2 protein chains.
Amino acid sequence: MSREMLTQTGEYALRALVYMARKGNGAYCGVKEIAQETGVPANYLAKILQQLARAKVLESQKGFGGGFKVARRLDKVTLFDIIDPLERIEKFKQCVLGQRLCNDAVACPLHHTWKAISGQYLGSLRSTTLQDIADFRSVADRIEHPEDAAQAP
Amino acid sequence: MSREMLTQTGEYALRALVYMARKGNGAYCGVKEIAQETGVPANYLAKILQQLARAKVLESQKGFGGGFKVARRLDKVTLFDIIDPLERIEKFKQCVLGQRLCNDAVACPLHHTWKAISGQYLGSLRSTTLQDIADFRSVADRIEHPEDAAQAP
DNA sequence: AACCAATCGGACAATTTTATCTTATTGTAT
DNA sequence: ATACAATAAGATAAAATTGTCCGATTGGTT
């Protein structure tokens, strides 16, 4: 059993959702458009987005003008919400050395190290929202468009 | 391209090396013995240990009484040394969102989050040695054998 | 009502990872 | 020298992951 931080599938999902979040308007996004813009294989992306729709992270709409859109407010969707339905994140809770018994009291030699690492990983996933990402401007961006940065609250 | 913290292969390697480190004596360990004790498939383990021997982390000895042993002092072998030959760890340096350009100045929305996460991961791998692990006693151990713990320096 | 765009879902194909098996070779001990 | 224990190495198989294709279905538009 492997401990992926991010499978290919998870990365594709992030790319797509980040694209959708940054696009901003509440309209449905077609799979083709997202695939085009993010470089993700369209058919595979469709499957991934369908899974996220089943997990209530996205809403899908069939028919003309249909597609996918984020189902909740952007600040209510964490990276964890996106990745969890696609990968078995519980795998991080299992003992790295495969010991049957491994917890804070009876620990394998790597238990604490591993707990710290995976804790930070999962913590970051849970505390970062699509809103954070949509708002993000890189240093270069801020230099080019200084008026957009550091606005009053 | 997926970002594994630890593939099955990597986990097997850790289990085996931790077993060897904790066994302690400088003798060669047979693959069968290690496989038995760690629950790793013997033939597959052989392949993994051979890779680590090629990477100079282990030494192998053929013939009667042969097997594998750690090639350096335990405090000179980090977890990174063990995992690096088996997985492509550079994958952590690549942009999570697949952007061609992504660095501290021109960053993708996840660059900093990801850099922190992977930084802690790689840091832990580089700073934890087999010696640390061989020395490790769990809380329960220390209660059972208090004389072994907290000895004078 | 008929049409059309787009998802849905299942089947299938390719690739990568993991695992096994078999044979050859090496090196030590008797 | 011979036997034996154990690695080395290559071929192959199984499983999981990733990717493709296609027909069915849905739902809005004209």
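Lettering follows sequence order; numbering is per chain, from 1. In this text, all values refer to a predicted model and were calculated from it rather than measured experimentally.
Between B/H112 and A/F136, the angle of the ring planes lies from 30° to 60°, which puts this pair in the tilted group.
Looking at residues two or more places apart in sequence or on another chain, you find a side-chain contact (heavy atoms from CB on, under 4.5 Å) between B/A16 and B/I34, B/L45, B/L49. Among residues two or more places apart in sequence or in another chain, the side-chain hydrogen bond (donor to acceptor under 3.5 Å, both in side chains) test is passed with A/D135 by A/Q131.
Look at A/T9 and you'll find a side-chain N or O under 4.0 angstrom from OP1 or OP2 of D/dT18. Here B/Q8 does not reach the OP1 or OP2 of C/dT17: none of its side-chain N or O atoms lies under 4.0 Å away. For the OP1/OP2 pair of C/dC8 and a distance below 4.0 Å, the side-chain nitrogens and oxygens of A/R54 include no atom meeting the criterion. Proximity of A/Y12 to the phosphate of D/dG19: a side-chain N or O atom is located under 4.0 Å from OP1 or OP2. OP1 or OP2 of D/dT17 has not a single side-chain nitrogen or oxygen of A/T7 nearer than 4.0 Å.
Distance, B/Q51 CD to C/dT18 P: 11 Å, rounded to whole Å. Atom NZ of A/K32 and atom P of C/dT7 are 8 Å apart (whole Å). Atom OH in B/Y28 sits roughly 11 Å away from atom C1' in C/dG27 (whole-Å rounding).
Not one N or O on the side chain of A/D84 forms a donor-acceptor pair closer than 3.5 Å with the backbone of A/D81.
Sorted by first and then second residue, the salt bridge (charged side-chain N to carboxylate O under 4.0 Å, His left out) pairs with a member in residues 23-40 of chain B read B/K23-B/E33; sequence neighbours excluded.
Surrounding CD of B/E59 are more than 12 heavy atoms belonging to other residues, nucleotides or ligands, all under 6.0 Å away.
Between B/G10 and A/S60, the one whose closest nucleotide on DNA chain C sits nearer the 5' end is A/S60.
By the rule that hydrophobic residues join a cluster once side-chain heavy atoms approach within less than 4.5 Å of another member, B/F80 and B/I117 end up as members of one cluster. Hydrophobic clustering (side-chain heavy atoms under 4.5 Å, transitive across Ile, Leu, Val, Met, Phe, Trp, Tyr) groups A/V70 together with A/L125. Taken together through direct or relayed side-chain contacts under 4.5 Å among Ile, Leu, Val, Met, Phe, Trp and Tyr, A/M20 and A/V18 form part of one hydrophobic cluster.
Comparing the end axes of the helix from C/dA1-D/dT30 to C/dT30-D/dA1, each fitted to five base pairs by superposing C1' atoms of four pairs onto the next four, gives an inter-axis angle of 0° (nearest 10 degrees).
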### Message
Please determine whether side chain to side chain donor-acceptor pair (under 3.5 Å) holds for the pair B/Y44 and B/T9, giving the CA-CA distance in whole Å, both sets of side-chain angles, and the decisive distance to 0.1 Å.
### Response
CA-CA 9 Å; B/Y44 194 52; B/T9 301; 2.6 Å; yes
### Query
In B/S/- notation, 5' to 3', how is nucleotides 24-30 of chain D contacted by protein heavy atoms closer than 4.0 Å?
--BSS--
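Scanning residues 38-49 of chain B for heavy-atom distances under 4.0 Å to DNA chain D yields B/K47.
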